[in-house]
Protein chains: 4
Amino acid sequence: MKDPLKEALQEQLIAGRRSQILDAATRVFATKGFHPTTIKDIAREAGVADGTIYNYFTNKTALLLGILDRLNETDQRATDFSQLTDISQVSKGEFRSFMMAYIAHRMLIFKADEFRIFKVLISEIMVNQELREQYRQKIVEPTMKMAEVYFQQWAEKRVLRPTNVRLTIRAISGLILGLMVEYVMGDETLEEEWETLPAFITDLILDGLRSTQA
Amino acid sequence: MKDPLKEALQEQLIAGRRSQILDAATRVFATKGFHPTTIKDIAREAGVADGTIYNYFTNKTALLLGILDRLNETDQRATDFSQLTDISQVSKGEFRSFMMAYIAHRMLIFKADEFRIFKVLISEIMVNQELREQYRQKIVEPTMKMAEVYFQQWAEKRVLRPTNVRLTIRAISGLILGLMVEYVMGDETLEEEWETLPAFITDLILDGLRSTQA
Amino acid sequence: MKDPLKEALQEQLIAGRRSQILDAATRVFATKGFHPTTIKDIAREAGVADGTIYNYFTNKTALLLGILDRLNETDQRATDFSQLTDISQVSKGEFRSFMMAYIAHRMLIFKADEFRIFKVLISEIMVNQELREQYRQKIVEPTMKMAEVYFQQWAEKRVLRPTNVRLTIRAISGLILGLMVEYVMGDETLEEEWETLPAFITDLILDGLRSTQA
Amino acid sequence: MKDPLKEALQEQLIAGRRSQILDAATRVFATKGFHPTTIKDIAREAGVADGTIYNYFTNKTALLLGILDRLNETDQRATDFSQLTDISQVSKGEFRSFMMAYIAHRMLIFKADEFRIFKVLISEIMVNQELREQYRQKIVEPTMKMAEVYFQQWAEKRVLRPTNVRLTIRAISGLILGLMVEYVMGDETLEEEWETLPAFITDLILDGLRSTQA
DNA sequence: GATGAATGAGTGTTCATTCAT
DNA sequence: AATGAATGAACACTCATTCAT
């Protein structure tokens, strides 16, 4: 097996199998939730034997990790800031629309399946330390780091007023996360207004609640 | 057993037992999580037999519901707004400090046990429909309703700028909820700054991010 | 408590309570079966506390025994042969109608509740030795003994052809019992023809199947 | 696994396992009864793990059904009437001995283990609807149907006197069933005379009880 | 690599029975 | 005698994981 061609082909096959299994797992988890889903369910959905799954994932939790990873990749491709000429050079006016676009993006990722996989992930992350740490290291922290850089520059250029950048970022992402959790809880107002929320949130964050009356 | 004195005593005893079991359940759930905890664990911790638990709660989930209820009661007593002469008459200056006090209160309830019971509750609420609905009906909706009334009045009196009150409320509570979830994920910045957050959040929400420079 | 009047009253009360509980047990057993019925079910139906039942019956099985006993008493009163001037003096013609009446009687006792309590009794008798022995001693054997006396006399008087009386009796009662069991199994033919069966059985037993053609 | 040879082997293995488990279940049920027997008991007796049983039977009741099925197969092989040149052509004399042989056969099947498995089956059939229906559909009704055909022919050929064939069949099978139940109850007379019963029963059914004296 | 039969630890829940009041 | 809260043993069934083929 020193043949580099064969090796490449092998990797392709392995990646394909992994993908096939993760697809199945995502569907079943979204439908039944994590604990109620059995490996048999996933194997049947993927059209493989139970044991085969263990050739690609060490255990049931690893499937969730795999799903998380894929979501992350997909997401990073989607939000590839480098498309923008220079994100750090946005003006005040552009900033508002950039902000809104970003918020809208985040609020719609999980909307696709009505937050069914989001529910499962959050639920398990709350309670499973390994998953939580992987999530933080691979997704949360890199995102935060990157955001800090931009916000720092914006603050220096007075696009934003001076403020604690790290807390600001955490507040904004927390706001989005919290709204998604509230949506999942079954809040009808959020359900009705989900489409208008990005604009609303952007205004709230940029302008605040305070009356500007004399 | 038609004796009203005896009946009252009975009720006391029953309430006491319930409390004793819920205390135990809270401790064990906080330590081990929901699923990993067995009824036997709780029974042992409460110093009763397994079966006794089922004389007071129909099943394991009902224990979580019971915990939720108690938190709610405790919380309602704590945030009894009626202490204030008239909450709807607060001036702009008072509003900021009122807001901050409220946010601080919310952010500290679950901090007491380092969010251990919060984790378990959120995790299970995400995934257990019955629990989710009870939570929404008994806690979320009443709170939202009450908040709407006040915010409406404040908006009318121009303490706040005109805005969609219902979305505003959901944004604020979502922000707090989201920050707690992020904290639970292990965010170190939030851990360090948790005490300063209420002030920060209040300013952010009232004043916004926008640079006020010309 | 040496007062004989009071004692008698006591006994009346006790008998009443027993009866009340047995009534309840019969109803519930007939509806849900033996094992699926809980003492709580019976207590509720009887309008007493769980513990009270144990003041009158040593355990759940004893309730079944009690039901059996009552059926027996009721039955013996009903089939009190002594009403007949002299059962052993019946002629051939009378014998056929007596036989038929007896068979009809046996086949209808349990029909009243569509064999629901019969099912439960037979099921448990098959499997519970104590119940089985009680049933044999208190019901089966006395009945067999009595029947033997009469059949012996009838055989001697040539109302019947000479035959092994004990086996004959067991065959006849077995036939009735077996038909009831088959009915319970859900045999539709038996269901439709149950009313005509006593006559049919009587003819079969008395005349046999053999063609009387030359 | 599309290899037909391997598939056949698989089926052999599966059938063998099923058999092994049913053997064990039969032994344990016969000894302890149905309810007192635990899956663990059966697993231990069969030399497999608890869970393995559930790879072959959906639940505990299915084991009883399996036992019933096997008895049925065994029985059908044993009573393969086709051995006889033509069962419907039997003469009057042959009929008596055929009848006796059949009755003897039926009365001895369950005698092998002293009716221990019979007890358990009857007890559970009385009380478990699914089992009862399966028993009726798979065993009772086919047997009855077949018997009706033959009895009809015999009646037409005057081997038997004209009579209601369906009731006759039910009476005969009821008689055998009833005697087995009485035996199980502990009747000593039946125990002593069990061997002579087939002849006795045959005579009773064919000739009746009636005195043939003038 | 793929299979899927075998494993057996693990647990929520029930309920007959007891007994202090 | 009546009560009904407390008990705790008992059990069917599930399912993640392993491993021989």
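What you see below is based on every heavy atom in this structure, not just the backbone, and it leaves out hydrogens, waters and symmetry mates. Below, chains carry the letters A, B, ... as their sequence lines are ordered, and counting in each starts from 1.
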When the distance from [atom1] of [X] to [atom2] of [N] is rounded to whole Å, what number comes out?
X: D:Leu13; N: E:dT3; atom1: CG; atom2: C1'; value: 15 Å
X: B:Ile42; N: E:dG12; atom1: CD1; atom2: P; value: 8 Å
X: B:Ile53; N: E:dT11; atom1: CD1; atom2: P; value: 14 Å
X: B:Asp41; N: E:dT11; atom1: CG; atom2: C1'; value: 11 Å
X: B:Glu11; N: F:dG4; atom1: CD; atom2: C1'; value: 16 Å
X: D:Lys32; N: F:dC11; atom1: NZ; atom2: C1'; value: 12 Å

Touch check for D:Phe57, heavy atoms < 4.0 angstrom, all strands: base, sugar-phosphate only, or nothing?
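If one applies the 4.0 Å heavy-atom cut-off, D:Phe57 turns out to touch nothing in the nucleic acid.
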If you pin A:Ile14 and D:Ala49 to their nearest nucleotides in DNA chain E, which one's is more 5'?
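The residue mapped nearer the 5' terminus is A:Ile14.
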Closest to side chain of A:Tyr56, choosing from E:dG1, F:dT7, F:dA6:
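The closest nucleotide is E:dG1.
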Compare the minimum distances between each of F:dT7, E:dA5, E:dG1 and the side chain of B:Val48, then state the nucleotide with the smallest one.
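The nucleotide sitting nearest to the side chain is F:dT7.
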Atom pairs and distances, side-chain donor-acceptor, residues 27-34 of chain B, under 3.5 Å, sequence neighbours left out:
from, atom 1, to, atom 2, distance (Å)
B:Arg27, NE, B:Glu45, OE2, 2.6
B:Arg27, NH2, B:Glu45, OE2, 3.3
B:Thr31, OG1, B:Arg27, O, 2.8
B:Lys32, NZ, B:Asp41, OD2, 3.0

Carboxylate-amine/guanidinium proximity below 4.0 Å for D:Asp23 and D:Arg70
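D:Arg70 and D:Asp23: salt-bridged.
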Identify the nucleotide, in any strand shown, that forms a Watson-Crick or G-U wobble pair with F:dT21, with both distances under 3.5 Å; if there is none, say none.
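Result: E:dA2.
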Do D:Lys60 side-chain atoms and D:Thr38 backbone N/O form a donor-acceptor pair below 3.5 Å?
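Judged by distance alone, no pair lies under 3.5 Å.
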Could you tell me whether a side-chain N or O of A:Arg132 sits under 3.5 Å from a main-chain N or O of B:Met185, the two making a donor and an acceptor?
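Absent.
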Evaluate the side-chain proximity of B:Thr52 to B:Tyr56: yes if any heavy-atom separation is below 4.5 Å, no if none is.
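Yes; the side chains approach each other to less than 4.5 Å.
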Can you check each nucleotide of nucleotides 14-21 of chain F against protein heavy atoms at under 4.0 Å and return B for base, S for sugar-phosphate only, - for none, in 5' to 3' order?
BSSBB---
Give a yes-or-no answer on whether the side chains of D:Gln137 and D:Glu133 include a donor-acceptor pair shorter than 3.5 Å.
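No pair is found: no donor N or O on one side chain lies under 3.5 Å from an acceptor on the other.
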Candidate pair A:Gln20 and A:Arg17, rule side chain to side chain donor-acceptor pair (under 3.5 Å), full reasoning
CA-CA 5 Å; A:Gln20 167 192 9; A:Arg17 258 298 200 248; 3.3 Å; yes
